[in-house]
Amino acid sequence: MRKKALTIFLFLVALAAGNDAAAQIIDDTTKVLYGPRTTLRLYEQDVLEGRYVEQRVDTSIHNMHNERYWYEDTTYHKHLGNVATAAQPLLFRMPEKIGVRLGRNTFDRYAYDPERINYYDTRSPYSHLHYVQGQLGEQVFEAIYARNIKPNWNVGVAYKILSANKQIGPSSRGLRGDRLINNQAVKAFTHYQSPNKRYDLFANYTHMNQEHVETGGIKPSTTDTIISPDIIRYNENEIWLNQAASQEYRNNYHLLQIFKLAGEDLKLYHQFDMRRQRNLYQDDGVSSLEFYPDTLFSRRKTDDRTNYREVQNVFGVTGNSKYSFYKAYLKQRTAAMDYSVHQLENAVEATLLESDRITNLLAGGQLRLQYENKAVLQVDGEFQITKDYNVSGLIYFEGLQFKMARVLRSPSLLEQRLLSNHFDWQHNFNTSVTDRLQVNYTGKLGGRQYLKFMAHYTNIKRHIFFNEQAVPEQLAGSQRFYGGQLEHRIRFGAFHLDNFVAYTNTDQAETIRIPEWFGNSKAYLQGNLFKKALYAQLGVELHVNTPYFADDYMPVTQQFYLQNSYEVQSYPVIDVFVNADIKTVNLFLKLANATDELLYPAYFVTPGYPGMRRSFVFGLKWMFFD
């Protein structure tokens, strides 16, 4: 950095002295020694599976304007209409984790995933700054720094902030002001490989603190029978909750050790995770009591807390060759859960406490046979002793893939037990079973087109969901749905057209809420400008879904739950964007929701929670390689 600053300073001095002197300094001092070619990324799962593939650091401008790509999970989600709010996947996902688990996942997409962190291998110190600022208070900031201590040892650290302002409800002059979201996350990571390359160590620490001012959504006036888009006036509307807030605090210690006992043919590994997640919900507003279904312990204030702790050890053996891969392991997971709730009785304050502790033992493995990139046969399985299991198998041949999966799993801790000022339940649900059949095809059509197609059928027996009273319920029968997804890209010279469409039929799944049709399209021009000094995209992006009864949100439990009173309308949201790459700086400028008030005064993402209004958003990613 000091060398670069000195170079710029000398250049400006020389520029004042004359163009020839400036040109001489550029020639002598700006030779590019380090860059994306000398800064590589590595993932621990690749090393575990014998694919020690180092990838160049990402310098692409593709999709950098899209909000989905500002987080750790880039798939489609529904949320509460603003940056970093509670979210759930828009399209169905197969459950993965079996055995004991907490069941609070609405902020997962904003947290660093300890098992999917990218490590670095750098010949020079690498850092980048990622910054996004929206006209309505949306903000994203991330700083990463990584460097090699030795050629075989790299360390790094990152810090991230997500924040947003309130879009609904009267302005506040309190301590929080109009701030809706304050999310801070940290990750520290290191990768070490022994000089003889027989031992690899991956370790990281991740932390997230999510503070969320809860509004409960727009409150209908006495003359409104339903919450329609016609009544939305944003900060002129009354909201359900005026003094409520939630907090989610997470930290995780993660370690993976891999030892080559007989080269790639036989490796031993050990994985350790220690995780803590603490959730807090508070409301000091007596006027908001009508929002809750019940008030059990105190009518003056709510102070609910849960504290989840989990320790997991995995001991396994793995190996791979040109034509095969295998893995077998034993896993022990111990979890503890504490509940506390504020109680006010006869003017005496107290705190009720409960605790649970559970230990699981699981065994699992994977076997994969492969021939180049043309054919794959793979089976996976994980079994909790005497209870849950997760099994799947797939066949792949030249772009065509068939997959079958079954997951039998116990209810989460949240689905079984909750102690709160507004909810108190204790259930003894049975295990649920999810079966899925899936067919995929991926391929190119000539040199201009790319095609990816997926068809699926899913059957869920004894489905557990949150019903219209926002409490868990288990069905006796089955929920069946099917559908397909199509992704298509085509280009004509500098013109590109990317399309994604998903169809889901839930006629036999009344508790599964997914829009029947969902589409996303992006048309843009892409190419070099100014003698290749600038690489840019100029385009427009559209996403729209058909009307459906989207799940509502309960902030006390941080769960989306079933509702049948309001159908979210179909509303085309269009963004106009410019993405640009200028050497080590990527930047974008976007007009978000350019169609604001086109069909309605606003639109709802979740019942009671309108989407963002029209705004200008600016962002950049600045990379430093020395």
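Keep in mind the model is a prediction, meaning the values are calculated, not measured. Positions are given from 1 along the sequence.
Inter-residue side-chain proximity for Asp304 and Leu280 is flagged as unmet; no heavy-atom pair is nearer than 4.5 Å. Residues Ser246 and Pro555 fail the side-chain proximity criterion, which asks for heavy atoms closer than 4.5 Å. A heavy-atom distance below 4.5 Å is not found between the side chains of Gln449 and Arg489. Under the 4.5 Å side-chain criterion, counting only non-hydrogen atoms from C-beta, Tyr269 is in contact with Leu48. For the pair Gln312/Lys331, a side-chain contact is recorded, criterion being any heavy-atom separation below 4.5 Å from C-beta on. For the pair Arg101/Ser412, a side-chain contact is recorded, criterion being any heavy-atom separation below 4.5 Å from C-beta on. Taking the side chain as every heavy atom from C-beta outward, Thr557 and Phe423 approach each other to under 4.5 Å. Contact annotation: the side chain of Phe481 approaches that of Thr504 to within less than 4.5 Å [non-hydrogen atoms, C-beta and beyond].
Across all non-hydrogen atoms, the minimal contact from Ala335 to Val100 is CB-CG2, 3.8 Å. Minimum heavy-atom separation, Ala111 to Glu72: O-CG, 3.2 Å. The shortest non-hydrogen separation linking Leu413 to Tyr308 is CD1-CE1, 3.6 Å. Here the shortest heavy-atom pairing between Phe92 and Arg436 reads CD2-NH1, 3.5 Å. Shown here for Lys387 and Ser410, the closest heavy-atom pair between the two residues is CE-OG, 3.3 Å.
Atom CG of Asn564 has more than 12 heavy atoms from other residues, nucleotides or ligands within 6.0 Å.
Between Tyr441 and Phe453, the ring center distance fails the sub-6.0 Å criterion. Under the 6.0 Å cut-off for aromatic ring centres, Tyr119 and Phe202 qualify, their centroids lying closer than that. Ring to ring, Tyr571 and Phe604 are not that close: their centroids are 6.0 angstrom or more apart. Tyr457 and Tyr482 have their aromatic ring centers separated by at least 6.0 angstrom.
Considering Asp498, Thr442, Ile490 as possible partners of Tyr450, the one that fulfils the side-chain contact (heavy atoms from CB on, under 4.5 Å) test is Thr442. None of Asp380, Asp435, Asp388 except one satisfies the salt bridge (Lys or Arg N to Asp or Glu O under 4.0 Å) rule with Arg406; the exception is Asp435. With Asp338 as reference, Arg309 is the one residue of Arg305, Arg417, Arg309 to meet the salt bridge (Lys or Arg N to Asp or Glu O under 4.0 Å) rule.
Within the 3.5 Å criterion, the main-chain N or O of Tyr389 finds no donor-acceptor partner in the side chain of Arg409. In terms of modelled atom types and a separation under 3.5 Å, the side chain of Glu541 and the main chain of Asn66 share no donor-acceptor contact. Judged purely by atom type and a 3.5 angstrom limit, Asn505 uses its side chain to pair as donor or acceptor with the backbone of Asp507. A donor-acceptor pair is defined here as one N or O able to donate and one able to accept, closer than 3.5 Å; no such pair exists between the side chain of Asn499 and the backbone of Ser521. Here the side chain of Asn467 pairs a donor or acceptor atom with the backbone of Val471 at under 3.5 angstrom. Looking at Gln559, its side chain never comes within 3.5 Å of a backbone N or O of Glu415 through a donor-acceptor pair. Arg462 places no side-chain N or O within 3.5 Å of a backbone atom of Phe429 that could act as its donor or acceptor partner. Between the Ser478 side chain and the Arg480 main chain, no donor and acceptor come within less than 3.5 Å of each other. In this structure, the side chain of Thr206 does not engage the main chain of Lys187 through any donor-acceptor pair within 3.5 Å. Arg513 places a side-chain N or O within 3.5 Å of a backbone atom of Gln563 that can act as its donor or acceptor partner.
One distance of note links CZ of Phe272 with OH of Tyr253; it measures 10.0 Å at 0.5 Å rounding.
A donor and an acceptor atom, one from each side chain of Asp73 and Thr75, are located under 3.5 Å apart. A donor and an acceptor atom, one from each side chain of Asn313 and Gln332, are nowhere located under 3.5 Å apart.
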Original post:
How far apart are the C-alpha atoms of Asn251 and His207, what are their side-chain angles, what is the distance that settles it, and do they pass the side-chain hydrogen bond (donor to acceptor under 3.5 Å, both in side chains) test?
Top reply: CA-CA 4 Å; Asn251 57 33; His207 164 82; 5.0 Å; no
Subject >> Stepwise side-chain hydrogen bond (donor to acceptor under 3.5 Å, both in side chains) test for Glu473 and His463 >> reply: CA-CA 8 Å; Glu473 180 182 338; His463 179 49; over 6 Å; no
**OP:** Carefully, step by step, assess Arg276 and Glu310 under the rule salt bridge (charged side-chain N to carboxylate O under 4.0 Å, His left out).
**Re:** CA-CA 6 Å; Arg276 180 183 178 187; Glu310 179 182 294; over 6 Å; no
**OP:** Begin from the C-alpha positions of Asp108 and Arg250 and carry the test salt bridge (charged side-chain N to carboxylate O under 4.0 Å, His left out) through to its verdict.
**Re:** CA-CA 10 Å; Asp108 281 2; Arg250 304 182 180 192; 2.5 Å; yes
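The aromatic rings of His422 and Tyr292 sit parallel, their planes meeting at an angle under 30°, below the 60° perpendicular limit.
Pairs of residues two or more places apart, or lying in two chains, that qualify as ring pair (Phe, Tyr, Trp, His ring centres under 6.0 Å) and include a residue from residues 67-88 are Tyr71-Tyr110, Tyr76-Phe500, Tyr76-Phe518.
Note that Lys374 lies outside the cation-pi zone of Phe397, set by a 6.0 Å cut-off to the ring centre and a 45° limit from the axis.
A search for salt bridge (charged side-chain N to carboxylate O under 4.0 Å, His left out) contacts involving Glu49 returns Arg51, Arg368, not counting sequence neighbours.
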